[in-house]
K.L.:
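After the structure tokens below, expect a handful of questions from me.
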Amino acid sequence: MLLRFLYYNMPVIYNYTRNGLEHLMSQLGEKPFRAQQIMRWVYHQSVDSFEDMVNIPKALRQTLAENFTFELPQIEKELISNCGTTKWLFHFGDKNAFETVYIPESNRGTLCISSQIGCALACQFCATGMAGFYKNLTTAQIIGQVFLARSILAKRTNKKHPITNVVFMGMGEPLLNEQQVFDAVSILLDDLAFGLSKYKVTISTSGITPAMRRMVEQTHAALAVSLHAGEDSIRSHIVPINKKYPLSDLMQACDHYTQSTKRLITYEYVMLKGINDQEQHAKALVKLLKHRHAKVNLIPYNPIPELDLKCSTANAIDLFCQHLLQNQIRCTVRKTRGDDIYAACGQLSGSVFDRKKSIAPYLYLRERSN
Ligand code: SAH
Ligand code: SF4
């Protein structure tokens with residue numbers, strides 16, 4: 001019997017949440033606790049063969065072995081920066097690759113993971129956006145990044161839990177790969193798997209508002225919103241998806257999230273010289289966020305050689321941050337890490353050979369015809 005066609009149509013064990021595995025066990029006439037045993041073997045013991053799961057009945061082990069694999073992405077390259085930031089380039093058999101970055105700090109270790117190969121949303125300052133879109137990653141390919149990074153780092157650092165935080169800030173727009181990302185979050189938070197805190201797994205989105213509204217019911221991840229401007233005229237120019245989901249809609253979706261979860265939203269704001277870094281831009285941002293449960297993270301723009309954009313000066317970033325703080329809006333400036341290995345925010349382009357859709361040409365044509 002080919003069990004894989006009964007459920008996810010994907011035979012890789014890392015695709016399965018606890019609920020998914022319990023459902024599978026009931027289809028096999030087994031008790032739900034078998035799912036829990038399997039998860040412990042897979043994630044706590046890092047076992048990669050059903051044969052080794054000695055507390056599972058032999059017949060069940062055999063059925064599972066005939067129908068599921070432990071396939072993980074393969075590592076194509078590893079680069080370690082002089083500040084300890086590590087970047088891996090992963091692939092799964094073809095020439096398209098995706099990237100994962102680990103950022104060690106004294107009190108935490110953050111893994112920045114990809115949800116897609118490339119991205120269709122073509123933000124004007126982003127290397128991933130320039131690469132175009134190839135493919136959504138499966139839950140197993142998303143989880144595989146954490147699984148492999150954890151095992152490499154645990155050996156290298158001698159720490160049992162080298163990864164304390166996971167952020168969906170690598171390649172791709174996570175809310176355009178919603179179900180696979182929500183399932184991956186469920187595995188990251190599950191005590192039987194990675195057991196991370198719900199405050200330490202963050203989905204970052206450019207503002208896919210229908211999916212943001214669904215987040216409340218379907219996942220417990222923290223939310224970061226890539227805002228980059230407090231006015232539609234500027235935001236639509238640098239984050240083209242704003243033409244589809246403008247600020248009025250975006251802020252309603254943000255309010256729905258904060259009211260339902262009582263949680264704070266982090267607003268990311270990339271500092272672009274002469275574009276969004278002046279006093280009037282800070283004022284627009286204050287107007288937008290003043291009465292909201294918000295924290296702003298200013299990101300110095302990491303240069304992409306092909307682009308004619310510049311990062312704001314340190315002084316402009318400081319003034320901008322001061323303006324927010326004076327208006328009671330929490331604000332931090334992100335430290336740039338890993339730019340020497342091209343692993344800083346927005347510098348992840350992987351290798352997208354079979355690029356498909358990007359909304360950029362579509363928007364360009366629309367702008368011209370207006
Ligand atoms: N697609 C999602 C998550 C991936 S991008 C999103 O846009 O939120 C992760 C973060 O990196 C976003 O806040 C994005 O705006 C930022 N970013 C992209 N390019 C950048 C660059 N060149 N310099 C600094 N930050 C950048
Ligand atoms: Fe896509 Fe995010 Fe880059 Fe925009 S910033 S192109 S949404 S990955």
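Ligands are counted one by one from 1 in listed order, and the atoms in each one are counted from 1 as well.
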K.L.:
Looking only at non-hydrogen atoms, which of G170, C311, S206 approaches atom 5 (S) of ligand 1 most closely?
P.N.:
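Looking at heavy atoms only, G170 sits closest to atom 5 (S) of ligand 1.
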
K.L.:
Could an N or O of ligand 1 be found under 3.5 Å from any N or O of P300, whether backbone or side chain?
P.N.:
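No, there is no polar N/O contact under 3.5 Å.
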
K.L.:
What part of T205 sits under 4.0 Å from ligand 1 if we count only heavy atoms: the side chain, the backbone, both or neither?
P.N.:
backbone

K.L.:
Using modelled atom types only, decide if a donor and an acceptor are shared between the side chain of T202 and the backbone of K200 within a distance under 3.5 Å.
P.N.:
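Judged by distance alone, no pair lies under 3.5 Å.
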
K.L.:
Kindly give the heavy-atom pair with the smallest separation between P104 and C83, and that separation in Å.
P.N.:
CG-O, 4.4 Å

K.L.:
Please state which part of M171 comes within less than 4.0 Å of ligand 1, counting heavy atoms only: side chain, backbone, both or neither.
P.N.:
neither

K.L.:
CZ/R292 to CG/L264 distance, rounded to the nearest 0.5 angstrom?
P.N.:
13.0 Å

K.L.:
Using the six-membered ring of Y199, assess whether NZ or CZ of R263 lies under 6.0 Å from its centre and within 45 degrees of the ring axis.
P.N.:
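Yes, R263 lies over the aromatic ring of Y199.
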
K.L.:
Of the side chain and backbone of M169, name the one, both, or neither that has a heavy atom under 4.0 Å from an atom of ligand 1.
P.N.:
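The answer is both.
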
K.L.:
Please identify which atoms of ligand 1 are closer than 4.0 Å to at least one heavy atom of Y301.
P.N.:
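Matching atoms, with element in brackets: 21 (C), 22 (N), 23 (N).
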
K.L.:
Near C126, which atoms of ligand 1 are under 4.0 Å from a heavy atom of that residue?
P.N.:
18 (C), 19 (N)

K.L.:
Between N177 (side chain only) and E173 (backbone N and O only), is there a donor and an acceptor less than 3.5 Å apart?
P.N.:
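The answer is no, because no donor-acceptor pair under 3.5 Å joins these two groups.
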
K.L.:
Would you name the heavy atoms of K283 and H323 that are closest together and state the gap between them?
P.N.:
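For K283 and H323, the tightest heavy-atom pair comes out as CG-NE2, 3.6 Å.
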
K.L.:
Mind checking whether F194 and F147 have parallel, tilted or perpendicular rings, split at 30° and 60°?
P.N.:
perpendicular

K.L.:
Any idea which heavy atoms bring V181 and S115 closest together, and the distance?
P.N.:
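Smallest interatomic distance, heavy atoms only, reads CG2-CB, 3.8 Å.
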
K.L.:
For the pair F68 and Y16, name the ring-plane relationship: parallel under 30°, tilted 30 to 60°, perpendicular over 60°.
P.N.:
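If you compare the ring of F68 with that of Y16, the planes turn out perpendicular.
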
K.L.:
For I304, take its heavy atoms, then give the atoms of ligand 1 lying under 4.0 Å from any of them.
P.N.:
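Taking each heavy atom of I304 in turn, ligand 1 has 22 (N) under 4.0 Å.
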
K.L.:
F168 heavy atoms, cut-off 4.0 Å: which ligand 1 atoms fall inside?
P.N.:
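Atoms satisfying the 4.0 Å criterion: 3 (C).
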
K.L.:
Between V270 and ligand 1, which part of the residue brings a heavy atom under 4.0 Å of the ligand: side chain, backbone, both or neither?
P.N.:
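Side chain only.
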
K.L.:
Please indicate, with yes or no, if any protein heavy atom is found under 4.0 Å from atom 2 (Fe) of ligand 2?
P.N.:
no

K.L.:
Can you tell me how far apart OH (Y267) and SG (C331) are? Round to the nearest 0.5 Å.
P.N.:
14.5 Å

K.L.:
Using a 4.0 Å cut-off to any heavy atom of G172, which atoms of ligand 1 qualify?
P.N.:
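Under 4.0 Å from G172, ligand 1 has these atoms: 1 (N), 2 (C), 3 (C), 4 (C).
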
K.L.:
Closest heavy-atom contact between V47 and F70?
P.N.:
O-CE2, 3.5 Å

K.L.:
Using the six-membered ring wherever Trp is involved, compare the ring planes of H228 and Y269 and label them parallel, tilted or perpendicular (cut-offs 30° and 60°).
P.N.:
perpendicular

K.L.:
What is the number of protein N/O/S atoms located under 2.8 Å from atom 3 (Fe) of ligand 2?
P.N.:
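Under the 2.8 Å cut-off, the count stands at 1.
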
K.L.:
Just distances here: any N/O of P174 and N/O of ligand 1 closer than 3.5 Å?
P.N.:
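Not met; the criterion fails.
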
